Structure formats: C-alpha cells, structure tokens
Chemist: 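What follows is a structure written as structure tokens; I'll ask about it next.
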Amino acid sequence: MKNLQIILLAFIIVLFYNCSGDSAPAEDTNTNNPSNPSPNPDPAPTTKVTYTADIAGIMSGNCTSCHSDPPTQGAPQSLTSYTQVKNYVDLIIARVNSSTNPMPPTGQMPEDTRSLIQKWKDDGLLEN
Ligand code: HEC
C-alpha cells in the first residue's frame, strides 16, 4: 500500500512539473497579443495644405514682386493676403499651369509647387 502511494505521489509530481514546464514558454512567445495597442495606428496621417503654412510662401517668393499691394509692373491684382489669393484661386491655378501664358511670366514653377496650390483648393482653402 505504501509503494502505491509513493508511485501516485511521484506521478502527481511529474504531472505538475510537466504542466508548469509547458506554460512557461507559452507566456514568453505570446508577444502577438491583440489587446496590445499598435505603437503607430495611422502611419501616414494626411496633412492639409493651408495658406499660412504653404501658400503664402509660394506667393511671396514668386508673385508679390508684381502682385504687391498696390500691384506693380502692370499686374492687375494684389495677391498679398489670404482673402485676395482665396478669391483668385481659380485664375491662379489656370495661369500657373498655363504653358502659353504662365504666371510668373518668366515660366512655370515646379510641378510640386503648382500641385500644392491645387491641393490647397481641394482641401478647402484653409487659412491656418
Ligand atoms: C513680373 C511680374 C509678375 C509676376 C512675378 C507675376 N505676375 Fe501675374 N500678372 C502680371 C501681369 C503684368 C499680369 C497682367 C497680364 C496678363 O494677364 O498676362 C498678370 C496677371 C495675372 C493673373 C490674371 C489676373 C486677371 O485678372 O486676369 C493671375 C491670376 C496672376 N497674374 C497670377 C500670378 C501668380 C499666381 C503669380 C506667382 C506664381 C504671378 N502672377 C506672378 C505680372 C506678374
């Protein structure tokens, strides 16, 4: 009877050891936990084009030497404020992309610069 108890006890010990031995590596490899928040849920946030951040600089660098306030060198319109540029945006987009009659008159600005003005309109002509 005592032998049976010892064998039973040994069996339980082996069983217990095996269980704890199995669970330990399972915890270590469980790194793909779906409850973990992703460190970067939106890797490509879209930034909207605004007058203050993007468009004002294009105007002062390429346009306001003539489209100043008041305009000079025969330019018909001042393009120095948000409201002026906003109200003129369709004519501006047409003229900066014109191959026969571009603005500035010296030639088309780079494609990136011109498409930024189009994106400004598509984003809703934001000031800031
Ligand atoms: C060297 C001076 C000069 C520069 C620089 C210049 N313009 Fe002009 N712009 C003019 C003149 C002169 C006219 C009028 C003659 C014409 O329409 O071609 C004009 C006309 C325009 C018109 C048409 C206005 C209307 O009522 O028909 C727009 C729009 C315009 N410019 C936008 C721009 C933009 C945007 C820039 C900068 C990317 C720019 N211009 C740079 C001289 C300039």
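We count ligands from 1, going down the list as the structure has it; atoms in each ligand are counted the same way. For the numbers below, each heavy atom of this structure counts, side chains included, while hydrogens, waters and symmetry mates do not. In this text the structure is predicted, and so the values were computed from the model without any measurement.
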Chemist: Suppose I only count heavy atoms of Cys63 and a 4.0 Å limit; which atoms of ligand 1 are within that range?
Modeler: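 With Cys63 as reference, the close atoms of ligand 1 come out as 34 (C), 35 (C), 36 (C), 37 (C), 38 (C), 39 (C), 41 (C).
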Chemist: Which atoms of ligand 1 are found less than 4.0 Å from any heavy atom of Cys66?
Modeler: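 Going through ligand 1 atom by atom, the ones under 4.0 Å from Cys66 are 1 (C), 2 (C), 3 (C), 4 (C), 5 (C), 42 (C), 43 (C).
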Chemist: Heavy-atom contacts with Met109 under 4.0 Å: which atoms of ligand 1 show up? List them by number with element.
Modeler: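 Result: 38 (C).
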Chemist: Which distance, rounded to the nearest 0.5 Å, do you find between the CE of Met109 and the CD1 of Ile58?
Modeler: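 With rounding to 0.5 Å, CE (Met109) is 6.0 Å from CD1 (Ile58).
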Chemist: Hey, is there an N, O or S on His67 sitting under 2.8 Å from atom 8 (Fe) of ligand 1?
Modeler: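 So His67 does bind atom 8 (Fe) of ligand 1 by this criterion.
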Chemist: As a test of the contact definition, would atom 15 (C) of ligand 1 count as having a protein heavy-atom neighbour under 4.0 Å?
Modeler: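 Answer no: nothing from the protein, no heavy atom, is under 4.0 Å.
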Chemist: Is atom NZ of Lys119 surrounded by more than 12 heavy atoms (other residues, nucleotides or ligands) closer than 6.0 Å?
Modeler: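 More than 12 heavy atoms, drawn from other residues, nucleotides or ligands, come within 6.0 Å of this atom.
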Chemist: When Ile117 is tested against each of Ile93, Val49, Asp54, Val85 for side-chain contact (heavy atoms from CB on, under 4.5 Å), which residue passes?
Modeler: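 The single option meeting the side-chain contact (heavy atoms from CB on, under 4.5 Å) with Ile117 is Ile93.
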Chemist: Looking at ligand 1, does any of its N/O atoms fall within less than 3.5 Å of an N/O of Asn62?
Modeler: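 For ligand 1, there is no N or O atom that lies under 3.5 Å from one belonging to Asn62.
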Chemist: So is Arg95 close enough to ligand 1, meaning a heavy atom under 4.0 angstrom away?
Modeler: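 The answer is yes: ligand 1 sits under 4.0 Å from a heavy atom of Arg95.
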Chemist: If I take every N, O or S atom of Gln77, is at least one of them less than 2.8 Å from atom 8 (Fe) of ligand 1?
Modeler: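 No, since none of the N, O or S atoms of Gln77 sits under 2.8 Å from atom 8 (Fe) of ligand 1.
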Chemist: Heavy-atom distance to atom 11 (C) of ligand 1: which of Ala75, Pro71, Ala94 wins?
Modeler: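 Going through Ala75, Pro71, Ala94 one by one, Ala75 has the nearest heavy atom to atom 11 (C) of ligand 1.
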Chemist: Should the pair Lys121-Asp90 be classified as a salt bridge under the 4.0 Å nitrogen-to-oxygen rule?
Modeler: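 Yes, charged N to carboxylate O under 4.0 Å.
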Chemist: Just do the side chain to side chain contact (heavy atoms under 4.5 Å, CB included) check on Tyr88 and Gln77 with the steps written out, would you?
Modeler: CA-CA 9 Å; Tyr88 253 65; Gln77 170 69 37; 3.2 Å; yes
Chemist: Do you know which of Asp69, Ile92, Asn62, Ile55 makes side-chain contact (heavy atoms from CB on, under 4.5 Å) with Leu79?
Modeler: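 Per the side-chain contact (heavy atoms from CB on, under 4.5 Å) rule, the option paired with Leu79 is Ile92, out of Asp69, Ile92, Asn62, Ile55.
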Chemist: Is there any N or O on Ser65 that sits under 3.5 Å from an N or O of ligand 1?
Modeler: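 Checking ligand 1 against Ser65, no N or O pair falls under 3.5 Å apart.
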Chemist: What heavy-atom pair brings Ser78 and Thr80 nearest, and what distance separates the two atoms?
Modeler: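 In this case the closest contact between Ser78 and Thr80 is OG-OG1, 3.1 Å.
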Chemist: Is Pro105 touching ligand 1 with its side chain, its backbone, both, or neither, if touching means heavy atoms under 4.0 Å apart?
Modeler: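 Near ligand 1, Pro105 shows its side chain, while the N, CA, C and O stay back.
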Chemist: Would you mind running through ligand 1 and noting each atom that sits below 4.0 Å from a heavy atom of Gln73?
Modeler: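 So the answer, numbered in order with elements, is 12 (C).
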Chemist: Between Thr50 and Asn128, do the side chains contain a donor N or O and an acceptor N or O under 3.5 Å apart?
Modeler: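 Side chains of Asn128 and Thr50: no pair found under 3.5 Å.
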